[in-house]
Amino acid sequence: MTATTEAAPRRRLSLHTLGPVMALIALVILGASLNSNFLGAANLTNVLARSAFIGIIAVGMTFVITGGGIDLSVGSMAAFVAGVMILAMNALIPSLGIGVPLIAAGMAVALLAGLAAGLLNGVLIAKVGIEPFIVTLGAMGIYRSLTTWLADGGTLSLDFAARSFYRPVYYDGILGVAWPIIVFALVAIVGEIAMRKTPFGRHCAALGANEQVAKYSAVKVDRVRMATYVLLGGLVGLATIMYVPRLGSASGSTGVLWELEAIAAVIIGGTVLKGGFGRVWGTVVGVLILSLIDNILNLASIVSPYLNGTIQGVIVILAVVLQRQGKSAE
Amino acid sequence: MTATTEAAPRRRLSLHTLGPVMALIALVILGASLNSNFLGAANLTNVLARSAFIGIIAVGMTFVITGGGIDLSVGSMAAFVAGVMILAMNALIPSLGIGVPLIAAGMAVALLAGLAAGLLNGVLIAKVGIEPFIVTLGAMGIYRSLTTWLADGGTLSLDFAARSFYRPVYYDGILGVAWPIIVFALVAIVGEIAMRKTPFGRHCAALGANEQVAKYSAVKVDRVRMATYVLLGGLVGLATIMYVPRLGSASGSTGVLWELEAIAAVIIGGTVLKGGFGRVWGTVVGVLILSLIDNILNLASIVSPYLNGTIQGVIVILAVVLQRQGKSAE
Amino acid sequence: QETMTIGVAIPSATHGFMGGLNYHAQASIERLEATYPQLDFVLATAGDAGKMVNDIEDMVATRNIDALVVLPFESEPLTAPVQFVKEQGIWVTVVDRGLSVEGIEDLYVAGDNPGFGRTAGEYFAENLGEGDNIVVLRGIPTTLDNERVDAFTAVIEGSGINVLDMQHGNWNRDDAFNVMQDFLSKYDDIDAVWAADDDMAIGVLEAISQADRNEEMWVVGGAGMKEIIARIRDGDPMLPVNVTYPPAQIATAIELTALGLVSDTPVSGRFIIGSQLVTPENAESFYFPDSPF
Amino acid sequence: MTAVLAAKRVTRSFGPIEVLHGVDFDLRPGEIHALIGENGAGKSTMMKILGGYLSPTTGGLELDGTPVTFADQREAEAAGILMIHQEFNLALQLTVEENLFLGREKRRGPFLDSRAMMAEAREWLGRLECPVDPRARVADLSVPNRQMVEIARALGRNARVLIMDEPTAVLTGRETDVLLDQIERLKAQGTAILYTSHKLDEIARIADRVTVLRDGTHITTRQAQGFTEHAMAEAMVGRDLTDLYPAKPVPSEDIVLTVEGVTVPGHVRDASFTLRRGEVLGFAGLVGAGRTELMEGIAGLRPVTGQVAINGKPLKPGSVLAAREAGLVYLTEDRKEKGLLLGKDLTENLTLLALDRFGRVFIDKGAEARALTQATKEFDIRANDRTMLAGSLSGGNQQKLLLAKTMLAEPQIVIIDEPTRGIDIGTKQQIYDFIAALATTGKSVIVVSSELPEVIGLANRVMVMGRGHVAGELTGDQITEDAILRRAMGVGELSGDAA
Ligand SMILES: Nc1ncnc2c1ncn2[C@@H]1O[C@H](COP(=O)(O)OP(=O)(O)OP(=O)(O)O)[C@@H](O)[C@H]1O
Ligand SMILES: Nc1ncnc2c1ncn2[C@@H]1O[C@H](COP(=O)(O)OP(=O)(O)OP(=O)(O)O)[C@@H](O)[C@H]1O
Ligand SMILES: [Mg+2]
Ligand SMILES: [Mg+2]
């Protein structure tokens, strides 16, 4: 919320652009030097696959933030969508049996639930005109408590047989690349293209930069704004589709703090929090940075685990300092 | 992030101004109709006194947000300050004994720790130029984990005798008005005056409205921005001074989510999240609304406690809908 | 006949164990309300200590409670407020986490945290030997987590078992999954895992099976989640035993409190529900299919 | 007489591009020194250097004959140098009074002395005959009134040197007169005034000396006495300027736009008019007459009641996109807040309105680049490089970019609000030719302008608005300055069609 809006980045290959990438590289080097297994396929697969949920959501968040909005509800929305998906699948087993139709039905439910939740946020924000912060803060509490209520305070678990059938969606993949990684990569690529090459991306940036100008330029401001939230909701649904096969369960504590992590990834990646400029590839880098910090802390065990949060915080700030240094040096 | 920036409120007595007040009145009527003890002195004292922590912090947050910033670290900063204060007081008991000097020393430590933490945030944001969201998100993790570390994973407790001596600072007061209520009221009044009647308040608004303009108008932009964070830090220290005698301890879970509650109170009160317009009295109303929701949920055990979050979320959104209705009807 | 009100203040259902606790609290309240029409209950759940104090204040100020059943979110901060409740002449039942001042409560019902760690530790000490490697997943950093872990380490000390690593899994499946994945990347030889909680055990098991190292190690969780109990009963080699820490203790506390209010039965005192070792042989008796936990 | 402020061989570069090449300049107490030049000549840059907002790349400034460097504008202000920016420098969310005193609030003890500030604000605004309430938010003011606030802010500060960068670009004749009187008063008090404007008649009227810049180079400095407007224009542009206004095209009889009984709540009552194919329709009126609001209403930017039809088909109200698809576009008078994304590059601004013409699924960047090349040529947009931000263009070139953006939508009907605001005289001619050419090719143009000569010189027909309603219609020889003003102010004969 400093003067970043004014000086939207332009120069290529500047420190500002390279900042997050350099931070990422530094982390990789650090990890490799701490533990020889760090660069092993198994560990990289783990880290990337885990990043996928937050990553997919963060790509959607990039559009919301670029359009001048924010969404605090994604974490609890994910928990809610997962809960609904599990309940629906369990209910459908008698009629569909365990097999591809069941999985497909579950996926459809998740996507629809996500889109509907996003639409609700979008309508309240774009049509009714309430601050996104308030709408999504309220939604965060609502979904979180609905999930707890659905689970009767406990955990919603997918039927064991169904889960065994569904499990490969998280753990298997093509040519040794796990599905979540593939899906995340696809979402990131499509997102990057949508941001840079499509009218929608342009309109998001215009909306975030100056809503008046966008309106005077025949941009359907309300519709674009709503679309960003619907898109994010859909991506939350998609992330859930990847999440449920992993542990087969959802509870009130699923997805806690995902919203902050997603927003942090977006900002670390160079998107401007006040809107007007967004960078999907930067978000991907941001997500990887955050995942790697956790991974490295677990691999290193240098310090008291109580201090993990301190190290995380310091690294996050440093990653952004790198980036801003480039900027202020103009 | 919607069209709110353009049409920052000016007209007196409009629905926009009255929105939060009406929501507050509606809640009071609801509470009184649910339970005859609701309007009793004991309950009102409880509600007001417990609002004081968030309230004092939210007043500071109003300045930060008006100046175009945000601070996510206040909750964990409060935990950290409380921890430091407790450690300091315990350490000072041998030399100062239990009495007024000990309490005074503890208060001084809390205020200084708060100011220092605020200063650190302020320097990183205003001087180094990092996004406030990132700085304070990082700080949030850092203080939270430092508190856990100081407490060695458990709870830091004030010496029992010292606590008994200190306890009246929360529970007693003057003429039946508890100290936290008095302090909160003073902070709110001074804050309201500072916002409306002093150059500092104006400069905050100018900074949040348009940093360039403020800079060209000879406003010391960096200094004002830093001052908002320092002020907030100091108020976190002050809130802690009220908090410690209540619970006598601090741990990693102290003050969790206070930041969101404080920010929500500020926005519900009508301050514009993107900066440029702030209203301290609105924040006070916002804080009271949030406290009353909890209180009323306890008064009427109507629903499953799992759904409390849903009701809270819905009321928060409704309170702001009321406010926006007034606005869009222009 | 005069109605009497019992206030129940417990932490909210943020993880499996607390979910079970919430379930048992609500179930026993429903049951008691049906049995004793003269009893009213107020149930409040809190996400932090401050909110719990607020809830208790509200119960006293507006609901005129005659008895309070509280599972302190944290011991220290709840001590003074509960003491204040007691001073109003209200019956106080404390569950699970003791207050930091002795003798406030009329009735104390609790599980045994050190016992929980000790029982698990003893199993490890008996079944592993010199040079065997284990990793530990701890809960959310809290006093009770410390008590469990301290008791555990005290028991295995001197047994020659190496504790390779301890990290916080926060009683959360996803966190435990991530931590265990990283432990597996980091250590080539792990013989057993103490996951300290069944939610974490679920995540740990999944990480192990993904790494295809099922044969190599076994896992001990805790608190007796029904899925885990079922797998022990069915003889899962990865889950040899479990240690109980029954969430149903809240029901015991509420029921005893109610009994004390409506009858002359003396109920004050301390009830410590010991942590038991669940083995394939006795698992059936710990299996509650209706509980959400 | 020694200069209060002088520039010695000042150069200034932005990145690799030098925009001022060793300019010498001096400003004496009690004189009005006009700086003129084409768009992008470097006037604003020069003024910002003198005002301490920018530092010279080489060369230096002298204050009272001694070299100075201003670290920032605050230091310049401490030395008594004040500047009115070409682009507004007001915080929109704050009130007029808050803006007027920003950074130099009057205090009583630790508190603001609101009463004193309010009184003083009223006085300054009163001196400028500006009717705005000091408690109003700047965001709610019209563009001209914002400019008056900006001027009031500078006038209230008793400067030794007052730098005014196109203060009258958005003002109408009456306000300009008031401002020029105030400038004369300051001059009489010994203030040194540096003034720029593209309205050369003003320069001729008030300037004592004139300096001409062309492409960042100092061309001449001479006494204003005897420097005719025509000569000034030639000195600026470097070529001969003939007749400013092209021949008026002849409209056809087809009616393309019918506006009937349109009311914009709070601004315009019951406005009706028609527009013919190939016609240039002028809209004249005083500031606040509601011309802008009426046009915004027609273009779908404001809620309206009443009928708008294009080629006989009713236009869906409240939708800019529907209007655009029906062939009607509106070019705003508020370039900075509503026209351009100042933080985005030229291409993104150029194609925003007509983005669907560059591909429905993917944006064709090649076509965009070609469009930019075409637009810079057609509208003579002088940009240092193609990737620069719109906010870095000179004011006049921003206006040209906005025009190019609007025309890219290939409208049948263009509503241009203040088409030549801040445009130099040479380019004005180009724009007039352009408007006439549009009409000749069968497009229809509505020109809303506060410059009466412009309306008179271009329009086939003129609608005059006064206080929120259409106060009269003038055609052919009826179109004279006097007739327009009488109707606008509601004096003299009102024609029957007035509401
Ligand atoms: N911040 C900047 N970055 C890059 N180029 C700039 C910047 N500011 C000005 N320029 C360039 O400097 C040149 C001079 O601009 P300047 O604003 O001084 O012109 P001007 O004479 O005031 O024109 P106008 O009459 O249109 O206001 C232009 O080519 C402009 O594009
Ligand atoms: N009678 C009035 N008194 C005070 N304010 C007025 C009055 N009429 C209009 N206004 C204000 O002045 C503004 C009118 O806009 P504006 O001045 O742009 O009108 P206009 O006719 O388009 O004039 P111009 O195009 O010269 O600016 C509106 O914001 C309106 O609130
Ligand atoms: Mg200029
Ligand atoms: Mg106008």
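Throughout, a chain's letter reflects where its sequence line sits, starting with A, and its residues are numbered from 1.
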K.L.:
Might you point out which heavy atoms bring B/His203 and D/Gly103 nearest each other, and give the distance in Å?
P.N.:
NE2-N, 3.7 Å
K.L.:
Do the ring planes of B/Tyr216 and D/Tyr53 sit parallel (below 30°), tilted (30 to 60°) or perpendicular (above 60°)?
P.N.:
perpendicular
K.L.:
At their closest point, which heavy atom of D/Leu102 faces which heavy atom of B/Arg202, and how far apart are they?
P.N.:
CD1-O, 4.5 Å
K.L.:
Has D/Lys336 got more than 12 heavy atoms of other residues, nucleotides or ligands less than 6.0 Å from its NZ?
P.N.:
yes
K.L.:
Answer with side chain, backbone, both or neither: which region of B/Lys215 has an atom nearer than 4.5 Å to a non-hydrogen atom of chain D?
P.N.:
backbone
K.L.:
Under 4.0 Å between a Lys/Arg side-chain N and an Asp/Glu carboxylate O for B/Lys197 and D/Glu105?
P.N.:
no
K.L.:
Identify which of B/Gly201, B/Ala194, B/Ala206 forms the greatest number of heavy-atom pairs closer than 4.5 Å to chain D.
P.N.:
B/Ala206
K.L.:
Mind listing the closest non-hydrogen atom pair of D/Gln93 and B/Gly275 along with its distance?
P.N.:
NE2-O, 3.4 Å
K.L.:
Check whether any side-chain heavy atom of D/Arg153 lies under 4.5 Å from a side-chain heavy atom of B/Ser217, and answer yes or no.
P.N.:
yes
K.L.:
Taking all non-hydrogen atoms of both residues, which atom of B/Pro199 and which atom of D/Arg107 are closest, and how far apart?
P.N.:
CG-CZ, 3.4 Å
K.L.:
Could you check whether any side-chain heavy atom of D/Leu94 comes within less than 4.5 Å of a side-chain heavy atom of B/Phe277, counting everything from C-beta outward?
P.N.:
no
